[in-house]
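Letters go in sequence order (proteins before strands), and every chain restarts at 1. Since the model is a prediction, treat every value here as computed from it, not as a measurement.
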2 protein chains.
Amino acid sequence: MQASRPTIADVARAAGVSKGLVSFALNDRPGVSPESRTRILAAAEELGWSPSVRARSLSSDVSFAVGLVIARDPEIIADDSFFPSFISGVERVLAPRGQSLVLSVVGDERLEEATYRRLAAERRVDGVILTDLRAADSRVSLLREIGLRAISLGRTDVDASAIPAVTLDDAPAIHDAVRHLVSLGHTRIAHVAGPDRLLHAARRKASFLQALASSNLSAPDVVETDFSAADGARATAELLDRAERPTAIVYANDAMAIAGIGVARRAGLDVPRDVSIVGFDDSAIGRYIEPALTTVATDARGWGFTAADALLRLVGGDEVGDIELAPAELVVRDSTATAPTETNTDRRQR
Amino acid sequence: MQASRPTIADVARAAGVSKGLVSFALNDRPGVSPESRTRILAAAEELGWSPSVRARSLSSDVSFAVGLVIARDPEIIADDSFFPSFISGVERVLAPRGQSLVLSVVGDERLEEATYRRLAAERRVDGVILTDLRAADSRVSLLREIGLRAISLGRTDVDASAIPAVTLDDAPAIHDAVRHLVSLGHTRIAHVAGPDRLLHAARRKASFLQALASSNLSAPDVVETDFSAADGARATAELLDRAERPTAIVYANDAMAIAGIGVARRAGLDVPRDVSIVGFDDSAIGRYIEPALTTVATDARGWGFTAADALLRLVGGDEVGDIELAPAELVVRDSTATAPTETNTDRRQR
DNA sequence: GCTTGTCTCTAAACCGGTTTAGACCGTCCG
DNA sequence: CGGACGGTCTAAACCGGTTTAGAGACAAGC
């Protein structure tokens, strides 16, 4: 028969105390006698009362929500299995703590700043998780300006102490990948990289180049892409067209690697006999394609979990330092094999 | 020097009017003289004021946010390109209207009800978009009980008038797919379906069976899966193992179809020579694998756009009826070809 | 016995908007 | 000329919580 949900005043009345005391009891603050506390909790329980976030937010200046702004073309997000896994990790810590995730997909970096400003001006969220860090990322100073707390995925290069980072080291796995290829006799190893302005893409590329150098291989072929399957296909075609065709290609994500296998095959090449392919992400599909994709596994879910937990601690007032996750790991499957011999590098049938 | 953001009181003071008039002016309500209006807007502009959603929500009982609860295993979401595209469509209407998207990924249907209840009890959102409708979906009555407005993706089977639906007809495309296969001489066509309790999966299956029947093909093989690439692989292995091996398989999503190609290939079969494969989704990767995937294209982005727009109209108080989108379309590429002849059905090399 | 201190609790202010009741003014109309 | 009316505006109540100032009861300390 009641028209609307119960308010704290209803609970107070039912328990025979004041609103303020109900508030104290429900926030586990001292100054409430054990008897009153149980009486209040019982009344709240019976009325099915849960505090309105709106009212709570207004008076306590806390949103009980965190933000995630993804500035990528939707198609590229769809190709990439990182975000779904990452978000599910984030949710695993948010949900039990009564926090919400406010997601923005902006598709265009020019709308990004406006989105962060809106989130802050409207006080929608208490903090944000920064992904896809860029070189000299303008978001670092923007966030300081608008007063939004943040955790970043990977360390920023502009002011590393400004925003606590949750980092995951790709380098060992990429070195392992190159070593793996070298041990299979490959000497012409190419890299299909992500956008150079993305720090993680640049870092993977740098690791790749370093790994090549430490194996005394030179003149590496690197092609930059936007991370989309389409661009991965284009890059592969370009590499396979070169006079000195690479015999192995290391990709910056699985979607491009899978597209790359398709392109190679269409060019009449067999994978892995003629070209070895290494992906990055360890997406589910990579396990089931033929040949199964050799790739680098990163724990996207764990990354989300850890970042969200750190962010909640940060907005809760704790000191939060950088956190280093377990490094990525190479997963060897069937898309990498012995390098073709010199006379063998041209088109051959299975 | 000001510590915190300006409030409506600051704007009122600057414009020399009362708080109430500022509120009227900013919500385009009558009873404000043109001069006052411009003076108020100028003051707001100069102070850089934007209303706090928190305060607005509390007094006007509107959240300015909509919810999306996804109850799927994170791995399955990652395999599927539907949600990222869908969400980007949703954002395209939300962002310009100052609305936010509250996303919940629950991974387990048992947590789903609690999530909706929380969203409603805390009044986090004004409405939700219902995806992955199930047979006799308990969410329909749940939403009525907790008083949350909703738009559903596809029509519910429990009380079709309760929740406006945005529908997209798969049937013609699936009929086209079967006709396409039949015209290529296939007679043993199997289907790798999604979970039967999901209405859209069941509907696709029903369309498939109907299409077979109208082509006078019988004893169809249908295997149910959970939509994951892993389960698609298992289903494919099972189908290819049967005495009467199908010569064509229609999948309920691209991820499974791509996994299926891998399984077939591993079994020594060539696609499309020995088995034809049809996917569903038209994901980007499908275009670049070899053979390029014949699939069914649905406009996930447009679906998100339309659903979000309808939901905002609904929470805004408009009457909203069901909306029918353009039907899905078959995209023929290279994973379908002439059926193998009888003597041809066993393993052969390329 | 009186002060001091500690616990428990209430009343009221406050967060930043929206909304309602009503004041004030000028105009139109009978 | 007086009353009704429309337009513009203000003051104050309200949304549902949190937080502060302080009241009242009781025990301990001098």
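- Among the heavy atoms of the strands, none lies under 4.0 Å from B:Ser57.
- For B:Arg39 and D:dT8, the CZ to P distance is 13 Å, given to the nearest whole Å.
- For the pair B:Arg56 CZ and C:dT18 C1', the interatomic distance rounds to 10 Å; values are reported in whole Å.
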Any protein N or O atoms within reach of nucleotides 23-26 of chain D? Criterion: under 3.5 Å, listing atom names and distances.
none

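- In the set C:dG16, C:dT19, D:dT19, D:dT19 carries the atom at the smallest distance from any side-chain atom of A:Arg29.
- The distance from atom CH2 of B:Trp49 to atom C1' of C:dC15 is 15 Å, rounded to the nearest whole Å.
- For the pair B:Ile77/A:Ile87, no side-chain contact is recorded, criterion being any heavy-atom separation below 4.5 Å from C-beta on.
- Only A:Gly16, A:Val17, A:Ser18, A:Leu21, listed by number, bring a heavy atom of residues 15-22 of chain A to less than 4.0 angstrom from any atom of DNA chain C.
- For C:dT8, neither phosphate oxygen OP1 nor OP2 lies less than 4.0 angstrom from any side-chain nitrogen or oxygen of A:Ser36.
- The shortest distance between side-chain heavy atoms of A:Val90 and A:Leu68 does not fall below 4.5 Å.
- Rounded to an integer number of Å, the gap from CD of A:Glu35 to C1' of C:dC9 is 13 Å.
- Proximity note for B:Val32 (side chain, C-beta onward) versus C:dG17, C:dC9, D:dC9: the nearest is D:dC9.
- The ring pair (Phe, Tyr, Trp, His ring centres under 6.0 Å) analysis of residues 84-127 of chain B, with sequence neighbours excluded, yields the pairs B:Phe82-B:Phe86.
- One finds no salt bridge joining B:Arg139 and B:Glu109 here, because no Lys/Arg side-chain nitrogen approaches an Asp/Glu carboxylate oxygen to under 4.0 Å.
- When distances run from any side-chain atom of A:Ser33 to the nucleotides C:dG17, D:dG17, C:dT8, the shortest one goes to C:dT8.
- A:Asp126 places no side-chain N or O within donor-acceptor distance of the main-chain N or O of A:Val66, the cut-off being under 3.5 Å.
- Contact annotation: B:Arg54 side-chain N/O to C:dG17 OP1/OP2 distance is not under 4.0 Å.
- Comparing D:dT18, C:dG17, C:dC15 against the side chain of A:Ser60 picks out D:dT18 as the nearest.
- In this structure, CD in A:Glu113 is found 14.0 Å from CZ in A:Arg118, a value given to the nearest 0.5 Å.
- Looking at the side chain of A:Asn27, the nearest of the listed nucleotides D:dT18, C:dT18, C:dT8 is D:dT18.
- Regarding B:Arg37, its CZ atom lies at a distance of 13 Å from the C1' atom of D:dC9, rounded to whole Å.
- Comparing C:dG17, D:dT18, C:dT19 against the side chain of B:Phe24 picks out C:dT19 as the nearest.
- Applying the side chain to side chain donor-acceptor pair (under 3.5 Å) rule to pairs touching residues 312-322 of chain A yields A:Arg155-A:Asp322, A:Asp309-A:Arg313, sequence neighbours excluded.
- Heavy-atom nearest nucleotides on DNA chain C were determined for B:Ser59 and for A:Pro30, and the one closer to the 5' end corresponds to A:Pro30.
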- Query: For B:Asp10 and B:Arg5, what are the C-alpha separation, side-chain angles and deciding distance, and is it a salt bridge (charged side-chain N to carboxylate O under 4.0 Å, His left out)?
  - Reply: CA-CA 10 Å; B:Asp10 298 322; B:Arg5 2 198 110 271; over 6 Å; no
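- With rounding to the nearest 0.5 Å, the separation of CG in A:Asp159 from CG in A:Asp137 is 12.0 Å.
- In the helix from C:dG1-D:dC30 to C:dG30-D:dC1, the rotation axis of the first five pairs and that of the last five pairs differ in direction by 60°, rounded to 10 degrees.
- Across the protein-nucleic acid pair, A:Glu122 atom CD and C:dC15 atom P stand 20 Å apart, rounded to whole Å.
- Atom CD1 of A:Ile8 and atom C1' of D:dG16 are 8 Å apart (whole Å).
- Between the OG atom of A:Ser88 and the CD1 atom of B:Ile76 there is a distance of 11.5 Å, given to the nearest 0.5 Å.
- The interatomic distance linking A:Leu58 (CG) with C:dA13 (C1') rounds to 13 Å, in whole Å.
- In this structure, CG on B:Leu47 lies 9.5 Å from OG1 on B:Thr7, to the nearest 0.5 angstrom.
- By the side-chain contact (heavy atoms from CB on, under 4.5 Å) test, A:Phe64 pairs with A:Val53, A:Arg56, A:Ser57, A:Ser60, A:Val62, A:Gln99, B:Arg124, sequence neighbours left out.
- At a threshold of 4.5 Å between non-hydrogen side-chain atoms, the residues A:Val128 and A:Leu311 do not count as touching.
- Residue contacts for A:Thr7: at a heavy-atom cut-off of 4.0 Å it reaches the sugar-phosphate backbone alone, with no base atom in range.
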